[in-house]
Amino acid sequence: MSARALPILMYHHVSPSPGLVTMSPENFAAQMAWLADHGYHTMRCEDLAAFLGGAALPERAVMITFDDGYLDNYLFAYPILKRHGLHAVLFGVTDWLGDGPARDIAETIVVSTPPNHRECQQLIAAGNADQAIVRWSEVQRMTADGTFEIQSHTASHTRWDKREADPTKKAASLEADLVRARGALGERLGLQSDHLCWPQGYFDADYVGVATRLGYRHLYTTRPGTATTASDPALLPRIVVKDKGADWLAGRLRIYRSPLLARLYGLVRGH
């Protein structure tokens with residue numbers, strides 16, 4: 001059988017440091033082991049694009065995404081995904097990625113405690129993103145073995161609707177942001193992609209217009225739901241994953257693998 005829907009899971013942090021949008025390494029390991037043990041296939045962005053165009057996917061298909069590119073994704077999520085042969089998408093903020101050699105995972109975990117979400121925000125704001133965010137060399141390591149692919153989460157993660165009241169200036173600033181991100185991904189990784197994830201989940205008609213004019217066709221949101229062949233590529237829904245074990249994920253995937261159940265669940269939840 002082929003998949004009727006493609007659930008897109010959304011993660012941010014995988015870290016022993018509790019905080020907002022954070023999953024413990026233990027719960028993440030349990031969820032990934034469950035996916036592997038139950039025959040799930042983790043899809044790439046190109047698989048999603050093909051599915052939206054009518055191509056068949058394996059019945060148990062799922063997509064794993066991470067927003068922002070936190071260092072703990074490299075330290076904790078990457079080894080777990082690699083161990084199970086799973087694939088994930090990292091939506092990186094290119095201005096935050098720094099240079100330097102790839103850090104030794106075991107050594108880094110031993111000598112330092114990863115910053116929590118609030119501390120990461122403070123480090124980035126203070127110009128110390130290297131302590132919170134992956135380096136280009138680490139992205140290259142994670143993508144070289146096929147465990148991760150990286151896509152755009154803009155260059156600056158700025159909410160231009162809050163910075164620029166004038167619609168023309170807002171659109172121009174967003175365009176420059178997206179162009180800079182695409183240039184960095186092309187220069188560093190040779191990547192040319194039409195996949196983009198909106199920072200903080202915010203977008204409006206102006207945002208979508210700028211992105212599509214620049215050639216982005218697949219736009220990832222934080223709207224709940226599941227992707228089907230009827231989904232608008234410019235309004236891709238995702239599932240916020242809770243810091244819970246495998247049973248929680250199993251229950252959600254039973255819902256979101258079915259377009260009908262996902263729609264009914266959304267009505268019950270009021271979205």
Side-chain angles (χ1 to χ4, degrees), residues 8 10-12 43-50 52-53 63-71 73-74 87-100 102 124 127 129-130 132-144 146-164 167-222 227 231-236 238:
I8 305 174
M10 179 175 62
Y11 298 86
H12 284 76
M43 299 292 102
R44 299 171 180 270
C45 288
E46 63 186 26
D47 299 317
L48 168 67
L52 295 175
M63 195 168 178
I64 300 170
T65 67
F66 287 84
D67 286 11
D68 303 334
Y70 295 107
L71 174 59
N73 297 173
Y74 170 66
H87 178 81
V89 180
L90 180 69
F91 290 113
V93 182
T94 57
D95 284 356
W96 295 352
L97 274 68
D99 291 314
I124 293 165
D130 188 60
I133 299 294
V134 293
R135 295 172 177 170
W136 286 107
S137 58
E138 291 157 354
V139 169
Q140 290 167 340
R141 175 176 290 182
M142 294 190 294
T143 57
T147 303
F148 270 93
E149 64 181 291
I150 186 169
Q151 302 289 346
S152 180
H153 200 30
T154 74
S156 70
H157 204 262
T158 299
R159 281 281 302 271
W160 292 109
D161 61 298
K162 293 184 174 182
R163 293 277 296 273
E164 299 287 0
T168 301
K169 291 182 178 178
K170 179 184 74 170
S173 297
L174 174 63
E175 180 170 348
D177 201 330
L178 295 181
V179 168
R180 190 165 75 251
R182 172 172 279 169
L185 291 170
E187 178 183 349
R188 297 284 189 155
L189 303 171
L191 177 67
Q192 295 295 325
S193 171
D194 68 352
H195 296 260
L196 168 68
C197 177
W198 294 121
Q200 303 174 50
Y202 178 82
F203 63 94
D204 57 24
D206 293 337
Y207 271 48
V208 174
V210 170
T212 54
R213 187 168 68 251
L214 292 175
Y216 287 102
R217 293 189 58 248
H218 300 90
L219 305 177
Y220 296 75
T221 75
T222 56
S231 294
D232 183 346
L235 294 171
L236 293 171
R238 291 189 293 167

Checklist entry - Between Arg135 and Tyr74, is NZ or CZ placed under 6.0 angstrom from the six-membered ring centre and within 45° of the ring axis? => result no

Checklist entry - Is the closest basic N to carboxylate O distance between Asp67 and Arg238 below 4.0 Å? => result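 A salt bridge links Asp67 with Arg238.
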
Next on the checklist: Salt bridge or not between Lys170 and Asp161? Use side-chain N to carboxylate O under 4.0 Å.
Outcome noted: no

Please name the pair of heavy atoms, one in [X] and one in [Y], separated by the smallest distance, quoted to 0.1 Å.
| X | Y | answer |
| --- | --- | --- |
| Tyr216 | Leu178 | OH-O, 4.0 Å |
| Ala129 | Trp96 | CB-O, 3.6 Å |
| Val93 | Ala155 | CG1-O, 3.2 Å |

Item to check | Listed partners of Thr158 passing side chain to side chain donor-acceptor pair (under 3.5 Å), at least two apart | outcome: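 Once residues adjacent in sequence are excluded, the partners of Thr158 under the side chain to side chain donor-acceptor pair (under 3.5 Å) criterion are Ser156.
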
Next on the checklist: Run the side chain to side chain donor-acceptor pair (under 3.5 Å) test against His12 and tell me which residues pass, sequence neighbours left out.
Outcome noted: none

Determine yes or no for a side-chain-to-main-chain donor-acceptor pair under 3.5 angstrom, with [X] supplying the side chain and [Y] the backbone.
| X | Y | value |
| --- | --- | --- |
| Glu164 | Ser173 | no |
| Thr221 | Leu235 | no |
| Ser231 | Pro233 | no |
| Arg182 | Asp194 | no |

Checklist entry - How far apart are the C-alpha atoms of Asp177 and Trp160, what are their side-chain angles, what is the distance that settles it, and do they pass the side chain to side chain contact (heavy atoms under 4.5 Å, CB included) test? => result CA-CA 10 Å; Asp177 201 330; Trp160 292 109; 2.9 Å; yes

Next on the checklist: As a quick check of understanding, evaluate side chain to side chain contact (heavy atoms under 4.5 Å, CB included) for Trp198 and Leu219, giving each step before the final call.
Outcome noted: CA-CA 7 Å; Trp198 294 121; Leu219 305 177; 3.9 Å; yes

Item to check | Working for side chain to side chain contact (heavy atoms under 4.5 Å, CB included), residues Leu48 and Leu236 | outcome: CA-CA 10 Å; Leu48 168 67; Leu236 293 171; 3.7 Å; yes

Next on the checklist: Which label fits His218 and His195: parallel for a plane angle under 30°, tilted from 30 to 60°, or perpendicular past 60°?
Outcome noted: parallel

Item to check | Parallel, tilted or perpendicular: ring planes of Tyr11 versus Phe66, cut at 30 and 60 degrees | outcome: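 Because their plane-to-plane angle is under 30°, the rings of Tyr11 and Phe66 count as parallel.
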
Checklist entry - CD of Gln151 to CG of Leu189: how many Å apart, nearest 0.5 Å? => result 10.0 Å

Item to check | Among Asp68, Thr94, Thr65, side chain to side chain donor-acceptor pair (under 3.5 Å) partner for His153 | outcome: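 The side chain to side chain donor-acceptor pair (under 3.5 Å) with His153 is passed solely by Asp68 among Asp68, Thr94, Thr65.
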
Checklist entry - Which is it for Ile133 and Tyr70 under the side chain to side chain contact (heavy atoms under 4.5 Å, CB included) test, yes or no, and what are the steps along the way? => result CA-CA 4 Å; Ile133 299 294; Tyr70 295 107; 3.8 Å; yes

